[in-house]
Amino acid sequence: MGGGTFMYNFRIYTLRDGSKRVVKLKEGESFKEELQRGGIQETQIFQMQLVAQPE
């Protein structure tokens with residue numbers, strides 16, 4: 001029964017106004033769909049970082 005540790009990938013967006021949004025990545029989802037789900041417009045993004053965290 002055991003198994004390995006599952007990793008979840010998140011993208012942390014730092015927006016031009018200094019706020020941050022964290023969006024959990026979904027397999028098969030496009031970048032535009034990810035932004036739409038996070039309520040982010042491409043022009044708002046200052047920086048983005050991919051983070052993997054264990055379950």
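Any value given below was found using the heavy atoms of this structure, including those in side chains, with hydrogens, waters and symmetry copies removed. The first residue in the sequence is number 1, and the count goes up from there.
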Contact list for residues 17-27, test salt bridge (charged side-chain N to carboxylate O under 4.0 Å, His left out), sequence neighbours left out: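 Listed once each, the pairs would be none.
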Test side chain to side chain contact (heavy atoms under 4.5 Å, CB included) applied to Phe31 and Gln36, step by step: CA-CA 9 Å; Phe31 181 66; Gln36 185 176 22; over 6 Å; no
Using side-chain heavy atoms (C-beta onward) and a distance below 4.5 Å, is Phe10 in contact with Val23?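 Heavy-atom side-chain distance check fails, nothing below 4.5 Å.
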Side chains of Tyr8 and Leu25: does their closest heavy-atom pair fall under 4.5 Å?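 No; the side chains remain at least 4.5 Å from each other.
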For a quick test of your reading: what N or O donor-acceptor pairs under 3.5 Å do the side chains of residues 41-52 make, sequence neighbours left out?
residue: Gln44; atom: OE1; partner: Gln41; partner atom: N; Å: 2.7

For Glu33, check side-chain contact (heavy atoms from CB on, under 4.5 Å) against everything at least two apart and list the hits.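 Scan of Glu33 (side-chain contact (heavy atoms from CB on, under 4.5 Å), adjacent residues dropped) gives Glu29, Ser30.
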